[in-house]
Undergrad: 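Quick one: the structure is below, questions incoming.
FYI, the numbering just counts along the sequence from 1. In this text, all values refer to a predicted model and were calculated from it rather than measured experimentally.
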Amino acid sequence: MGSRASTFVVLWVNLFTLVVSVGVAGMGIWMGTRHHNECDKFLTLPVLAIGGFVFLISLTGFMGALKDISILLWIYLILMFFLLVGIASFTVFAFIITNNGAGHTVAGQRYKEYRLEDYSHWFQKKLNDKTYWQHLRSCLVKPDYCNSLIKECKTLEQYKQAKLSPIEAGCCRPPSECGYPARNASYYDLSFNPVSSNKDCQLYKNRRSVKCYNCNSCKAGVAQYLKKEWKIAAIFNVIALAVLILLYCVGCYARRNASKAHHCKMAPIYLNLNELDAVHSVL
């Protein structure tokens, strides 16, 4: 790749990411102004931080490539290195914590049930933290999920054949091991003594505001949802990592060319100084 081509790639790629970072930061500010949405407020700071960091990297790379300033390209490469390390670390971490956990089939049902103890220790620790769970529940576990089941499944047979999501299966109904007979999609007969010692059997209530929202089965359903999302994010990060490594190599080449250009500009100055020294020595 020629010097002009490498500079051109760094210049326009960073111009694009510069525009994207402004959009990301703007979205973070917009989310922060929506005070009625607790989930959006919870995500505001990370979005702003990501947008600001990408903006700083892009601006440094853009100006360095535009003006052929070697020191700016050095700073750009250092920031890119930290970004690569961060993405690589997060990707490895995401693959590790999403390696465990799977659904268990329920006899006569299409949906699966999930158990919190099947998931990684990190997931268990986070979901058992009361403050973290309250934030996460307000974002992911909406009462509408459970309230809509009675509308979608008008008969008990339809409910048994419904393909519930992990959150619906864990948060809207008691675990099957409790032995509570279902009367419809939103009501279980709790007059029966549970046949299991699982504490979720005691926590479940038919009230719409309670259901099984504080059950371990609900946390397991959320863990399964997060596992899927983190797995997708990890795969996306692998692709992003490959692109960023390629861009990093191009940036190294552009930095080297900028350094050579700087030395070439300084060479005539050094030559003239040497000639002056020679003249002074003759005189």
Side-chain angles (χ1 to χ4, degrees), residues 13-14 17 20-21 23-25 27-28 31-32 38-58 60-61 75-104 112-141 165-167 169-171 214-252:
V13 168
N14 282 283
T17 55
V20 172
S21 66
V24 171
M27 184 178 69
M31 288 167 62
E38 187 66 27
C39 187
D40 284 348
K41 289 195 295 182
F42 185 63
L43 296 173
T44 297
L45 187 59
V47 171
L48 282 173
I50 292 171
F53 188 63
V54 173
F55 178 83
L56 179 63
I57 293 176
S58 302
T60 305
I75 296 172
Y76 168 71
L77 291 175
I78 292 171
L79 292 175
M80 278 284 289
F81 175 78
F82 284 116
L83 181 62
L84 287 171
V85 171
I87 293 177
S89 301
F90 172 79
T91 303
V92 172
F93 176 71
F95 276 118
I96 291 174
I97 67 170
T98 57
N99 192 44
N100 299 328
H104 299 267
K112 293 182 178 181
E113 291 186 338
Y114 303 87
R115 298 169 186 167
L116 187 59
E117 59 268 21
D118 292 341
Y119 294 87
S120 67
H121 177 71
W122 186 86
F123 268 132
Q124 293 182 46
K125 182 179 178 181
K126 284 293 184 181
L127 292 171
N128 283 323
D129 181 89
K130 291 184 179 180
T131 303
Y132 187 83
W133 172 243
Q134 290 299 325
H135 278 296
L136 205 57
R137 209 183 87 173
S138 66
C139 293
L140 300 178
V141 186
S165 69
I167 293 178
C171 304
N214 288 314
C215 298
N216 282 337
S217 61
C218 186
K219 294 175 183 178
V222 171
Q224 178 63 22
Y225 171 83
L226 292 175
K227 174 188 172 181
K228 182 180 178 181
E229 295 298 311
W230 278 56
K231 187 79 77 175
I232 294 173
I235 294 172
F236 173 79
N237 281 348
V238 170
I239 300 172
L241 200 60
V243 174
L244 287 173
I245 289 174
L246 179 62
L247 184 60
Y248 184 81
C249 294
V250 174
C252 288

Undergrad: Taking CZ in Phe53 as the centre, count heavy atoms belonging to other residues, nucleotides or ligands within less than 6.0 Å. Is the count above 12?
TA: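 Buried by this count: over 12 neighbours within 6.0 Å.
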Undergrad: Kindly determine whether Cys171 and Cys218 satisfy disulfide (SG to SG under 2.5 Å), including the steps that lead there.
TA: CA-CA 4 Å; Cys171 304; Cys218 186; 1.9 Å; yes
Undergrad: Where do Leu127 and Ala223 come nearest, in terms of heavy atoms and distance?
TA: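 Closest approach of Leu127 to Ala223: CD1-CB, 3.6 Å.
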Undergrad: Should the ring pair Trp230 and Phe123 be called parallel, tilted or perpendicular, given that the plane angle runs from 0 to 90° and is split at 30 and 60?
TA: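 Plane angle over 60°, so perpendicular.
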Undergrad: Going by heavy atoms in the side chains, are Arg137 and Val222 under 4.5 Å from each other?
TA: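 Result no, sub-4.5 Å side-chain heavy-atom pair not found.
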Undergrad: What's the spacing between Phe55 CZ and Thr60 OG1 if we round to 0.5 Å?
TA: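 Interatomic distance, Phe55 CZ to Thr60 OG1, rounded to 0.5 Å: 9.0 Å.
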Undergrad: To the closest 0.5 Å, what do you measure between OG1 (Thr98) and CZ (Phe93)?
TA: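 Result: 9.5 Å between the selected atoms.
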Undergrad: So, Ser138 side chain and His135 main chain: donor-acceptor pair closer than 3.5 Å or not?
TA: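 Between the backbone of His135 and the side chain of Ser138 there is a qualifying donor-acceptor contact (under 3.5 Å).
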Undergrad: Using modelled atom types and a 3.5 Å cut-off, is there a donor and acceptor pairing between side-chain atoms of Lys227 and backbone atoms of Gly101?
TA: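 Checked: pair present.
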Undergrad: Please find the pair of heavy atoms, one from Tyr119 and one from Asn100, that lie closest to each other, and give the distance.
TA: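 Residues Tyr119 and Asn100, closest heavy atoms: CD2-O, 3.7 Å.
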Undergrad: Over all heavy atoms of both residues, which pair between Leu244 and Met80 is shortest? Give the atoms and the distance, please.
TA: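 Closest pair (atom of Leu244, atom of Met80, distance): O-CE, 3.6 Å.
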Undergrad: Report yes or no: does Glu113 contribute a side-chain atom to a donor-acceptor pair with the main-chain N or O of Ala169 at less than 3.5 Å?
TA: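 Between the backbone of Ala169 and the side chain of Glu113 there is no qualifying donor-acceptor contact (under 3.5 Å).
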Undergrad: Using the test side-chain hydrogen bond (donor to acceptor under 3.5 Å, both in side chains), find all partners of Arg115 that sit at least two apart in sequence or belong to another chain.
TA: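 Checked Arg115 against side-chain hydrogen bond (donor to acceptor under 3.5 Å, both in side chains); zero matches.
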Undergrad: If you define the side chain from C-beta out and look only at heavy atoms, does anything of His104 sit under 4.5 Å from Asp118?
TA: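 Yes, side chains in contact.
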Undergrad: Tell me the closest heavy-atom pair linking Gly170 and Ser217, and the distance in Å.
TA: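 Closest pair (atom of Gly170, atom of Ser217, distance): O-OG, 2.8 Å.
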Undergrad: Identify the heavy atoms of Leu56 and Leu79 that sit nearest to each other, and give their distance.
TA: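 Minimum heavy-atom contact is CG-CD1, 4.2 Å.
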Undergrad: Restricting to non-hydrogen atoms, name the atom on Phe95 and the atom on Lys231 that form the minimum distance, rounded to 0.1 Å.
TA: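 So the two residues come closest at CE2-CD, 4.1 Å.
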